[in-house]
Protein chains: 2
Amino acid sequence: MAQDEVDRLTEAWRHERPDLDVSPMEVLSRVSRLARHLDRERRAAFAEHGLEPWEFDVLAALRRAGEPYELSPGVLLGQTLVTSGTMTARVDKLTARGLVSRRRDEDDRRAVRVRLTEFGKKSVDAALEGLLANERRLLAGLGAEDRKRLSDLLRTLVLPFDDAPS
Amino acid sequence: MAQDEVDRLTEAWRHERPDLDVSPMEVLSRVSRLARHLDRERRAAFAEHGLEPWEFDVLAALRRAGEPYELSPGVLLGQTLVTSGTMTARVDKLTARGLVSRRRDEDDRRAVRVRLTEFGKKSVDAALEGLLANERRLLAGLGAEDRKRLSDLLRTLVLPFDDAPS
DNA sequence: CACAAATATCTTGGCGCCAAGATAACAGAC
DNA sequence: GTCTGTTATCTTGGCGCCAAGATATTTGTG
């Protein structure tokens, strides 16, 4: 198997800091670096459907919620891992683009309801298909069994974060 | 095995879009989400040694280069995956903090040499040890064999990116 | 040598993010 | 009903990033 960047990186560390065990990097640095590459892939895939990654994240959360594709900013916060100020700005821009609509909740007038427009729904549906097509391409090097093994191993690492409120 | 966020996410998609095969997400969304959690962990680990993640990235590249811990901004670009403008700003701030020094290259006066100071070396060495200690903790749920399997599978996915100049 | 192209770095402008605090509305105790 | 604390959202200020272009220097060609 050919060397990747992380192999070169750990080799350099072992040369400079032979007293340390840098093996944890072999797993975790690969996760971080792969994620950075995936970010770029996502950006490219969504761009073909006129969406930014952060736009997709919000629209997808609404789409997953099912009819009537409507959630409050507070619920969207939890799903997208951003702060409330960021979410306000996101909904502003999505509203300006006509991808979502925003209206005050009549029952609780502090609250707001963000709803997918028909245009928003079409956009996110198309973008999702593009994303999945590209992800299938990226995973082509792995057989079904390896994918299962990989996702199980990753779940083990993620679980402590998803359980505990980080 | 308990459900993680990605399990819930794919379940929601399968309910709303039963026509699509969302299984690629089971691998790649876990990679992205785990990476986000790791970012926070890194930030916390480095903060104990007075460093920001982006500071560590630059200092670590210089440290890995070995004596005399000196590289040009151009080389640092390649190692840290940021643009030249970003690197200029980073070196500015690191210089202001006394973690690196910057001087013009005498042989090629377009070029610059960024060198780790003694303070920078001490900082990055300490931060690295803290990072590794924390990473070992995060990997505690996995045996040696699983770690090997995981890093091999991840290498397979990363290699196409590291080879091709994306 | 002179000039065009390449190279290395820096500058500028704009965007998205977070942290912290401000605002508005609700809910419970009395 | 009124006060106090809580909740939901928005506003402000600052930071780090990128893209694109500017500047300075070197290299190659004739």
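Keep in mind the model is a prediction, meaning the values are calculated, not measured. The figures that follow rest on heavy atoms only: side chains count, while hydrogens, waters and symmetry mates do not.
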Reported CG-to-OG distance for the pair A:L28 and A:S23, which is rounded to 0.5 angstrom: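 Going from CG on A:L28 over to OG on A:S23, the span is 10.0 Å.
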Take the protein atom [atom1] of [X] and the nucleotide atom [atom2] of [N], then report the distance between them rounded to whole Å.
| X | N | atom1 | atom2 | result |
| --- | --- | --- | --- | --- |
| B:E106 | D:dT26 | CD | C1' | 15 Å |
| B:D107 | D:dT26 | CG | P | 10 Å |
| B:E55 | D:dC15 | CD | P | 13 Å |
| A:F56 | C:dG16 | CZ | P | 18 Å |
| B:D39 | C:dC17 | CG | C1' | 13 Å |
| A:L94 | C:dC15 | CG | P | 15 Å |
| B:R103 | C:dT9 | CZ | C1' | 16 Å |
| A:R36 | D:dG16 | CZ | C1' | 14 Å |

Residues forming a side-chain contact (heavy atoms from CB on, under 4.5 Å) with A:E5, sequence neighbours excluded: A:R8, A:R33, B:D162
side-chain contact (heavy atoms from CB on, under 4.5 Å) against A:D57, all qualifying residues, sequence neighbours excluded: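 In terms of side-chain contact (heavy atoms from CB on, under 4.5 Å), with neighbours along the sequence ignored, A:D57 is linked to A:R42, A:T80, A:R90.
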Nucleic acid contacts - residues 42-51 of chain A versus DNA chain D, non-hydrogen atoms under 4.0 Å: none
Nucleotides 2-10 of chain D: protein proximity per nucleotide (B base, S sugar-phosphate only, - neither; heavy atom, under 4.0 Å): -----BSSB
Is [X] salt-bridged to [Y], going by a charged N under 4.0 Å from an acidic O?
| X | Y | result |
| --- | --- | --- |
| B:K121 | A:E16 | no |
| B:R149 | A:E145 | no |
| B:E41 | B:R137 | yes |
| A:D39 | A:R36 | no |

Side-chain N,O (A:T86) to OP1/OP2 (C:dC17) below 4.0 Å: no
Contact under 4.0 Å: B:K93 side-chain N or O vs D:dG16 OP1/OP2: yes
Net bend of the helix from C:dC1-D:dG30 to C:dC30-D:dG1, end axes of five pairs each, nearest 10 degrees: 10°
Side chains of A:K122 and A:E118 in contact at under 4.5 Å (non-hydrogen atoms):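 Yes, their side chains come closer than 4.5 Å.
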Residues that B:R17 engages under side chain to side chain donor-acceptor pair (under 3.5 Å), provided they are two or more places apart: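 Listed in chain order: A:D125, A:E129, B:D19.
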Heavy-atom neighbours of B:R136 CZ exceed 12 at 6.0 Å: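 Correct, the count exceeds 12.
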Worked check of salt bridge (charged side-chain N to carboxylate O under 4.0 Å, His left out) between A:R30 and A:E26: CA-CA 6 Å; A:R30 283 198 176 93; A:E26 292 175 354; 5.3 Å; no
Sugar-phosphate only, base, or nothing, as touched by B:L81 at under 4.0 Å among non-hydrogen atoms: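 It contacts sugar-phosphate atoms only.
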